[in-house]
Amino acid sequence: MALLRLRAYKAVPGQYYGTPKEVWGFRLKPGRGRPAAIARAFIAANASTLGLDGIRRRLRLSRIIQSAGARHVIFQQRHDGLRVHRAYVTVHMDRRNRVYMAKNRAVPSHLLPEKTRYKVTTRRAIRRAIRSLSARTTDTKVLGTERMWLPVEDTLRPAVRVRVQRLEPREEWLIYVDGLNGKILSKYDNLALATGRARVFDPNPVIALGDWKPLVKNGRQRRPPPAAYARVRLGGLEGTGYLDGRRVTTRPTKRRVRRTDHRFLFTSIQPGFDEVMVYYHVDRAIRYLETLGYRGRRAIFTAPVPIDAHGTPDDNSWYSPGLRRLTFGTGGVDDAEDAEIILHEFGHALQDAICPDFGQSDEAAAMGEGFGDYFAASFFAGKKPARYRPTVGTWDAIAGGDGDPPCLRRTDEALTFEGFDHSPEADEHENGKIWSATLWEIWLALGRAVADRIVVESHFQLDGFTRFARGARAIIDADRNLFAGRHVAALRDIFRRRGIGPVE
């Protein structure tokens, strides 16, 4: 027990409870036993320091995530038989079972209320949630409900969480209804939206031809020539004749294509081409993650990712956390024709698979968009001429993008956190450029093999309300866990230049 007791450490105090919400800056001696037992022993040894006196027995083991470089043991607080929303305690340890960080969102014992009987039924909560959207029942779909305790500043309220999908406009809301009086306590549109226009080939016709100018005439995109196509092999198919596989399925797509001979040889003007694009590129992206160590017991995706290849006529695409589904639009150039747009959206699915409901604060939402751009740029960098490497969506933006080459966004802009727009009207895509530029600078400094590993690994110690500084610290921890801290000095310099911190 003494081996697991904290002596020297750093802490971030919580806003409402007076307890530390993060403790780091240490690395204890290796613990003995299984990760859950080590984590419980660490909590017991440091309950007073962490502010967990009196509630340790109310922490239920939620899950243990084993990433490539560390183990992350997550406990969920319960009270009176119900889950306390976002009230978790996480203990992070490296592969040698050395605890190096703990996070505490649990509600202290003196703030826990007495037993409370709900006065609002689940059915009434659903009606109240839909009414709060000024929507009709026929325009919405309830994806799930849960009774829980919801922290509201320094008090707990009995609540019903209602997850509602709105069909027009396309939204997906998490709405928390007070279980005593039916008032709306909180609501948040949790749909990961991204503006995109096209997806094609490997990754798109612009890169395949090495020039964008032949693909534009009179301000409109031209049909890609045969030289823009690549012949590829589709792996992991189930053999049904549809694009269903171990890692990906296009089952949500209406009027799916079927080829019993498995020869999906389409051009971009044929409906089946979008399906082939999303299947091939998402399948390949997940295979790439497996090469980084996320396979078997460490697999990030344990079921096929469902994809609607042309689910909306709008010029937009999104990832739905509630349905765990990717949807692509057909406005302008089909979004599923540009593999960089596909992998940007897949970035949201990847973050949600590691950290459910990622992106519920302005900084976390921006990090989601920035990571999506980074992941797409990094994945295809080896196929691009140097001046195209920092660009994302050159085919998507072929007829309306800025610059030479025109593109949806770039990852190499000279941006710092000082320019982050915290206003209610802020665009997470614009703010996300700060994060993608930071990650891209890491990529340039350390190379893809290192950068991708530490950036992906860092997500295992983040949460849905994370901030840039926490993301930076998580990347440094990932480097310590995967590479024994070999790149920490370079990472600190990058974060310092970008105005992100303090990281330690």
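Numbers for residues simply follow the sequence, beginning at 1.
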| said: Closer than 4.0 angstrom, basic N to acidic O: yes or no for K213 and D211? | reply: no
| query | Does T291 use its side chain to pair, donor to acceptor, with the backbone of Y288 at less than 3.5 Å? | reply | yes
| query | Where is the tightest heavy-atom contact between W443 and A451, given as atom of each residue plus distance? | reply | CA-CB, 3.7 Å
| query | When you measure from the side chain of R163 to the backbone N and O of E172, does any donor-acceptor pair fall under 3.5 Å? | reply | no
| query | Would you call the rings of F201 and Y229 parallel, tilted or perpendicular if under 30° counts as parallel and over 60° as perpendicular? | reply | tilted
| Partner set under ring-ring contact (aromatic ring centres under 6.0 Å, His included) for F465, not counting sequence neighbours | none
| remark: Residue set satisfying salt bridge (charged side-chain N to carboxylate O under 4.0 Å, His left out) with R222, at least two apart, ordered chain then number -> none
| request: Start with the C-alpha distance between R324 and D352, add both sets of side-chain angles, then the distance that settles salt bridge (Lys or Arg N to Asp or Glu O under 4.0 Å), and finish with yes or no. | output: CA-CA 8 Å; R324 296 186 179 276; D352 185 63; 3.2 Å; yes
| query | Does one side chain, of N481 or Y100, offer a donor that lies under 3.5 Å from an acceptor on the other? | reply | yes
| message | My understanding is that only residues two or more places apart in sequence, or in another chain, count here; which of them pass ring-ring contact (aromatic ring centres under 6.0 Å, His included) with H487? | response | F483
| query | Between Y176 and H85, how do the two ring planes meet: parallel, tilted or perpendicular, split at 30° and 60°? | reply | tilted
| request: Evaluate the side chain to side chain donor-acceptor pair (under 3.5 Å) criterion for residues H344 and E369: first the C-alpha distance (whole Å), next the side-chain angles of each, then the deciding distance (0.1 Å), finally the verdict. | output: CA-CA 8 Å; H344 171 95; E369 299 302 333; 2.9 Å; yes
| task | Walk me through it: do D283 and R233 pass the test salt bridge (Lys or Arg N to Asp or Glu O under 4.0 Å)? | result | CA-CA 11 Å; D283 178 79; R233 177 183 177 185; over 6 Å; no
| said: Under the side-chain hydrogen bond (donor to acceptor under 3.5 Å, both in side chains) definition, can you give me all pairs with a residue in residues 293-306, not counting sequence neighbours? | reply: Y294-E457
| Excluding sequence neighbours, so at least two apart, what forms side chain to side chain contact (heavy atoms under 4.5 Å, CB included) with R231? | L265
| request: Tell me, please, which residues at least two apart from A303 pass side chain to side chain contact (heavy atoms under 4.5 Å, CB included). | output: none
